[in-house]
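Submitted below is the structure of interest, expressed as structure tokens.
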Amino acid sequence: MIITIPTKYAAGITLYGDYWDLNSLYETVHSLVKDSPLNEGIQDTVLGLAYDIRHAYQKDREEKEFGFDEYDKVVYSGEKILWPVILFQTQALRYCASFKPTTKEQQANLYRLESCIETSLMEVDSNIGKQCVQWLELPLMLTNDYYSSYVSEASRNYIAGPVGKARFKKLPKTLNSLHAMSQDYKDFASYLENEAKKQGCSPDSLHDLSEGLEVKW
């Protein structure tokens with residue numbers, strides 16, 4: 001079983017599951033990304049979900065006990081993922097699934113992941129959550145020249161500043177900025193291209209142009 005729990009300060013979720021379900025989701029991510037129309041940068045971003053899932057089922061991150069009594073208690077492994085990242089990855093996976101035949105197991109994994117995420121969004125704040133669910137249901141319209149490093153930039157902007165509900169209120173705007181036609185993305189792309197020109201390199205080689213921020217989950 002896959003379970004997601006919102007983090008305390010609304011930075012994202014912790015994705016939990018047992019070995020078999022996490023491994024199945026891991027295989028689904030890899031299968032959908034393989035030979036997909038996504039450019040290499042976006043593929044790497046989406047495969048970041050598989051990376052997190054693998055570290056979860058290898059018990060490298062967190063473990064939590066679930067259940068109500070001595071007969072149904074179980075320990076699941078988990079990993080924290082930022083809201084903008086997991087939402088972008090999940091929408092991109094659904095996009096990939098539209099380009100190839102999928103198995104019932106793959107569809108079950110996608111629907112389960114989407115269901116868990118939607119439940120966690122609504123748990124934090126139902127009004128803001130509804131806006132994020134609506135965004136998740138719309139196509140992202142990813143272009144071949146999309147700079148996936150913007151997902152990290154948008155995530156940095158999301159986690160900066162106030163935490164908790166005040167942070168969560170910024171999520172719809174952050175998600176809308178991920179669209180290739182948003183002004184925020186266009187400004188970032190222009191900045192990235194100018195920096196690459198100055199340094200005599202490809203924009204795709206500039207993975208991170210800002211200092212890291214410590215996440216208060």
Side-chain angles (χ1 to χ4, degrees), residues 6-7 9-13 33 36-49 81-96 98-99 114 117-118 120-122 124-217:
T7 58
Y9 298 106
I13 58 170
V33 171
S36 73
L38 302 178
N39 67 40
E40 184 177 354
I42 302 175
Q43 287 188 18
D44 288 342
T45 299
V46 180
L47 288 175
L49 176 58
I81 309 174
L82 294 171
W83 273 126
V85 175
I86 186 66
L87 286 163
F88 180 89
Q89 291 167 330
T90 301
Q91 195 182 73
L93 284 173
R94 180 58 70 182
Y95 178 77
C96 291
S98 68
F99 284 89
E114 291 165 348
I117 289 173
E118 290 175 11
S120 290
L121 285 167
M122 300 298 289
V124 180
D125 185 300
S126 60
N127 290 327
I128 300 299
K130 287 179 183 177
Q131 296 177 51
C132 298
V133 171
Q134 290 173 353
W135 179 90
L136 187 60
E137 293 174 345
L138 295 174
L140 194 53
M141 303 302 290
L142 296 169
T143 58
N144 288 331
D145 58 353
Y146 188 91
Y147 297 125
S148 62
S149 53
Y150 182 69
V151 179
S152 296
E153 182 68 13
S155 297
R156 291 178 187 279
N157 292 334
Y158 174 69
I159 63 176
V163 299
K165 289 291 184 69
R167 170 189 277 169
F168 195 66
K169 286 180 180 179
K170 300 192 302 182
L171 188 54
K173 182 178 184 299
T174 300
L175 295 178
N176 288 331
S177 78
L178 294 173
H179 196 288
M181 296 305 293
S182 77
Q183 191 58 51
D184 287 331
Y185 174 78
K186 289 180 179 179
D187 291 343
F188 175 81
S190 177
Y191 173 70
L192 197 69
E193 289 164 358
N194 288 334
E195 280 295 314
K197 187 176 181 179
K198 290 178 185 177
Q199 298 184 32
C201 63
S202 165
D204 292 317
S205 66
L206 300 175
H207 298 297
D208 189 356
L209 298 177
S210 58
E211 295 183 3
L213 294 174
E214 184 177 347
V215 181
K216 188 170 185 179
W217 287 96

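Sequential numbering from 1 along the given sequence is applied to the chain's residues.
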Check against side chain to side chain contact (heavy atoms under 4.5 Å, CB included), Leu121 and Ile128: CA-CA 8 Å; Leu121 285 167; Ile128 300 299; over 6 Å; no

Atom pair CD/CG of Glu40 and Asn144 - distance to nearest 0.5 Å: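 Nearest 0.5 Å value for the CD-CG distance: 12.5 Å.
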
Residue Gln183 excluded, over 12 heavy atoms near CD under 6.0 Å: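 Count over threshold, so yes.
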
Interatomic spacing from CD in Glu195 to OG in Ser190 - rounded to 0.5 Å: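 Interatomic distance, Glu195 CD to Ser190 OG, rounded to 0.5 Å: 10.5 Å.
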
Side chain Ser120, main chain Ile117, donor-acceptor under 3.5 Å: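 It does not hold such a pair.
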
Side chain to side chain contact (heavy atoms under 4.5 Å, CB included) partner of Ile13, chosen from Ile86, Thr7, Leu82: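 The passing option is Ile86.
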
Donor-acceptor pair, side chain of Ser155 and main chain of Val151, under 3.5 angstrom: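 At least one qualifying donor-acceptor pair exists.
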
Between Asp145 and Thr143, a side-chain donor and acceptor under 3.5 Å: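 Yes, Thr143 and Asp145 have a side-chain donor paired with an acceptor closer than 3.5 Å.
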
Check: Gln131/Asn127 side-chain N/O donor and acceptor closer than 3.5 Å: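 No, because no side-chain N or O of Gln131 sits under 3.5 Å from a partner of the opposite role on Asn127.
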
Under 3.5 Å side-chain donor-acceptor pair for Ser177 and Tyr150: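 Per modelled atom types, Ser177 and Tyr150 side chains form a pair under 3.5 Å.
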
For Leu38 against Ile42, the heavy-atom pair lying closest together: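 Minimum heavy-atom separation between Leu38 and Ile42: CD1-CG2, 3.8 Å.
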
Full working for side chain to side chain contact (heavy atoms under 4.5 Å, CB included) between Leu87 and Leu171: CA-CA 10 Å; Leu87 286 163; Leu171 188 54; 4.1 Å; yes

Minimum heavy-atom distance Ala10-Trp83, with the two atoms named: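 Taking every non-hydrogen atom into account, O-CD1, 3.4 Å.
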
Min side-chain heavy-atom separation Tyr95-Ser36 under 4.5 Å: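 Side chain of Tyr95 against side chain of Ser36, heavy atoms only: no contact under 4.5 Å found.
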
Any donor-acceptor N/O pair, Gln91 side chain to Leu138 backbone, under 3.5 Å: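 Present.
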
Pairwise distance CZ(Phe88) to CG(Leu136) - rounded to 0.5 angstrom: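 Reported to 0.5 Å precision, the distance equals 12.5 Å.
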
Any donor-acceptor pair under 3.5 Å from Tyr185 side chain to Tyr147 backbone: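 Indeed, once roles are kept as given, a pair shorter than 3.5 Å links the two residues.
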
Between CG on residue Leu142 and OG on residue Ser148, distance to nearest 0.5 Å: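 Here the interatomic distance stands at 10.0 Å.
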
Validation: residues 160-170 side-chain donor-acceptor distances under 3.5 Å, sequence neighbours left out:
{"residue": "Lys165", "atom": "NZ", "partner": "Val124", "partner atom": "O", "Å": "3.4"}
{"residue": "Arg167", "atom": "NH1", "partner": "Tyr9", "partner atom": "O", "Å": "3.0"}
{"residue": "Arg167", "atom": "NH1", "partner": "Lys216", "partner atom": "O", "Å": "2.8"}
{"residue": "Arg167", "atom": "NH2", "partner": "Ile159", "partner atom": "O", "Å": "3.0"}
{"residue": "Lys170", "atom": "NZ", "partner": "Asn157", "partner atom": "O", "Å": "3.0"}
{"residue": "Lys170", "atom": "NZ", "partner": "Tyr158", "partner atom": "O", "Å": "3.0"}
{"residue": "Lys170", "atom": "NZ", "partner": "Ala160", "partner atom": "O", "Å": "2.7"}

Considering all heavy atoms, the nearest Met181-Lys186 contact: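 Smallest heavy-atom distance, with atoms named: O-CE, 3.5 Å.
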
Side chain to side chain contact (heavy atoms under 4.5 Å, CB included) evaluation trace for Ile81 with Gln89: CA-CA 11 Å; Ile81 309 174; Gln89 291 167 330; 4.2 Å; yes

Nearest heavy atoms of Leu175 and Trp135, plus distance in Å: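 Smallest interatomic distance, heavy atoms only, reads O-NE1, 3.1 Å.
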
